[in-house]
Amino acid sequence: MKLTIIGCSGSFAGPTSPASSYLVQAEHEGRTWNLVLDMGPGSLGVLQKYIELDAIDAIVISHLHPDHCLDLTGLFVVTKYHPTRGPLPSVPVYGPQDTGARMARANGVTLSEAADPHGMDSEFDFRTVRSGRTFTVGPFTITPHRVNHPVEAFGFRVEGDGKLLTYTGDTDATPALLPLMADADLVLADAAFCEVRDTVRDIHLTGKRAAEAALAAGGVKRLMLTHIPSWNDPQECRAQAAELWPGEVELAQPEGVYEL
């Protein structure tokens with residue numbers, strides 16, 4: 001299983017990285033399967049460096065804050081209006097309740113609730129995820145876990161090729177992180193907040209809280225911090241995690257490619 005960081009900037013696109021988006025790939029039935037986790041602003045452009053957009057097998061959206069989903073509106077345009085290849089096949093999109101309606105409003109002239117809630121249904125096959133309810137995409141087995149964020153939000157366990165990737169999405173500390181992270185080969189952990197400075201709770205992890213959760217979960221082989229806003233010093237986030245984590249604390253790098 002291969003992971004490519006399409007975007008890892010926290011909360012908004014940064015000067016060197018789009019907002020959250022991750023491409024997960026594995027070989028299955030004679031071809032490469034392409035799973036996209038989140039599509040934050042700027043990700044659609046970078047994604048095209050790595051795959052053709054009609055090669056996306058499924059998209060998984062962790063939650064409906066715009067820094068994790070807004071480039072679905074650009075993909076809608078490609079899917080519907082491409083002059084030589086379109087209309088492209090409908091793309092499965094797994095996400096929280098009302099993902100389709102929210103994206104249709106975002107794509108409209110206004111954000112009025114009167115916008116057609118099914119306005120993207122021909123281009124995207126929207127499917128609602130439920131915490132603990134596993135689904136499959138080709139070689140990938142994906143299990144959502146509801147996490148601790150101000151809106152309905154999920155982290156995901158992605159299993160494939162005998163490997164396990166955990167993506168926390170946006171979350172603060174919660175007991176749900178233990179089954180989410182347990183025995184993962186790699187944990188992509190939200191670390192948008194900094195100890196001492198950021199005192200508000202129930203929004204984001206710090207590096208230290210990410211390390212605490214990974215240790216409590218047990219069996220985690222690699223810890224990688226992500227979703228770090230451009231106003232943070234990534235080395236400070238890493239140092240806070242390293243106070244507890246016994247191994248190397250990795251930082252997600254824009255367009256970094258990792259083999260699990």
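Because the structure is a prediction, the values reported are computed rather than measured.
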Quick one: closest heavy-atom pair of Pro144 and Arg130, and the distance? CG-O, 3.5 Å
Shortest non-hydrogen contact from Glu27 toward Asp161: O-OD1, 4.0 Å
Donor-acceptor pair, distance only, cut-off 3.5 Å: does the side chain of Arg157 make one with the backbone of His145? no
Applying the 4.5 Å side-chain criterion to the ILVMFWY set and letting contacts propagate, would Tyr50 and Ile59 be lumped into a single cluster? yes
According to the interplanar angle, ranging from 0 to 90°, do the rings of Phe135 and Phe156 count as parallel (below 30°), tilted (30 to 60°) or perpendicular (above 60°)? perpendicular
Beyond-backbone contact of Leu72 with Ile61, side-chain heavy atoms, under 4.5 angstrom: yes
Under 4.5 Å between any side-chain heavy atoms of Thr171 and Leu180, yes or no? no
What's the verdict on side-chain contact (heavy atoms from CB on, under 4.5 Å) for Cys8 and Gln253, showing C-alpha distance, side-chain angles and the deciding distance? CA-CA 7 Å; Cys8 56; Gln253 297 297 321; over 6 Å; no
So, the side chain of His149 versus the backbone of Val151: is there a donor-acceptor pair under 3.5 Å, distance only? no
Roughly how far apart are Arg105 CZ and Met103 CE, rounded to 0.5 Å? 8.5 Å
Any donor-acceptor pair under 3.5 Å linking the side chain of Asp71 with the backbone of Gly42? yes
Whether Gln240 side chain and Glu195 backbone form a donor-acceptor pair below 3.5 Å: yes
So Arg197 and Asn232, do their side chains get closer than 4.5 Å, heavy atoms only? yes
Partners meeting side-chain contact (heavy atoms from CB on, under 4.5 Å) with Ser122 (sequence neighbours left out): none
Residue pairs passing the side chain to side chain donor-acceptor pair (under 3.5 Å) test where at least one lies in residues 12-23, sequence neighbours excluded: Tyr22-Thr226
Hey, which of Thr206, Val249, Leu225 is the one that makes side chain to side chain contact (heavy atoms under 4.5 Å, CB included) with Cys237? Leu225
pair Val46-Ser43: side-chain heavy atoms closer than 4.5 Å: no
Group every Ile, Leu, Val, Met, Phe, Trp and Tyr by side-chain heavy-atom contacts under 4.5 Å, then state whether Leu35 and Val93 land in the same group. no
Do Phe124 and Val78 share a hydrophobic cluster (ILVMFWY, side-chain heavy atoms under 4.5 Å, transitive)? yes
Derivation and outcome, side chain to side chain donor-acceptor pair (under 3.5 Å), residues Thr136 and Thr141: CA-CA 5 Å; Thr136 60; Thr141 300; over 6 Å; no
Is it true that a side-chain atom of Ser230 and a backbone atom of Gly14 form a donor plus acceptor pair closer than 3.5 Å? no
Verdict with reasoning, Ile142 to Tyr167, per side-chain contact (heavy atoms from CB on, under 4.5 Å): CA-CA 11 Å; Ile142 305 158; Tyr167 172 48; over 6 Å; no
Asn148 and its side-chain hydrogen bond (donor to acceptor under 3.5 Å, both in side chains) partner, picked from Thr174, Asp202, Asp172: Asp202
Nearest heavy atoms of Ala192 and Asp198, plus distance in Å: O-OD2, 4.4 Å
For residues Ile203 and Pro150, report the shortest heavy-atom separation together with the two atoms involved. CG1-CG, 4.0 Å
Do the side chain of Asp67 and the main chain of Ala19 share a donor and acceptor less than 3.5 angstrom apart? no
Leu47 CG to Leu53 CG distance, which is reported to the nearest 0.5 Å: 6.0 Å
Should we count CZ of Arg31 as having more than 12 external heavy atoms under 6.0 Å? yes
Reported CG-to-CE distance for the pair Leu165 and Met224, which is rounded to 0.5 angstrom: 9.5 Å
Walk me through whether Thr99 and Leu64 qualify under side-chain contact (heavy atoms from CB on, under 4.5 Å). CA-CA 7 Å; Thr99 297; Leu64 297 177; 3.7 Å; yes
Side-chain donor-acceptor pair present, Ser62, Asp38, cut-off under 3.5 Å: yes
If you round to the nearest 0.5 Å, how far is CD1 of Ile51 from CG of Asn34? 4.0 Å
State the CE-CG distance between Met120 and Leu75, to the nearest 0.5 angstrom. 9.0 Å
In terms of hydrophobic clusters joined by side-chain contacts under 4.5 Å, are Val60 and Phe154 together? yes
When every non-hydrogen atom of Phe193 is compared with those of His204, the smallest separation belongs to CE1-CD2, 3.6 Å
Parallel, tilted or perpendicular, as decided by the 30° and 60° cut-offs, for the rings of His63 and His68: tilted
For Glu152 and Gln97, indicate whether the former's side chain and the latter's backbone hold a donor-acceptor pair under 3.5 Å. yes
Trp33 side chain to His28 main-chain N or O, any donor-acceptor pair under 3.5 Å? yes
Correct closest heavy-atom pair for Ile5 and Ala252 would be CD1-CB, 4.3 Å
Can you find a heavy atom in the side chain of Phe140 that is under 4.5 Å from one in the side chain of Asp57? no
Joint cluster assignment, Leu223 & Leu205, ILVMFWY side-chain distance < 4.5 Å: yes
To the nearest 0.5 Å, what is the distance between CD on Gln48 and CD1 on Ile6? 10.5 Å
Among Val158, Leu188, Leu37, Val257, exactly one meets side chain to side chain contact (heavy atoms under 4.5 Å, CB included) together with Leu3. Which residue is that? Leu188
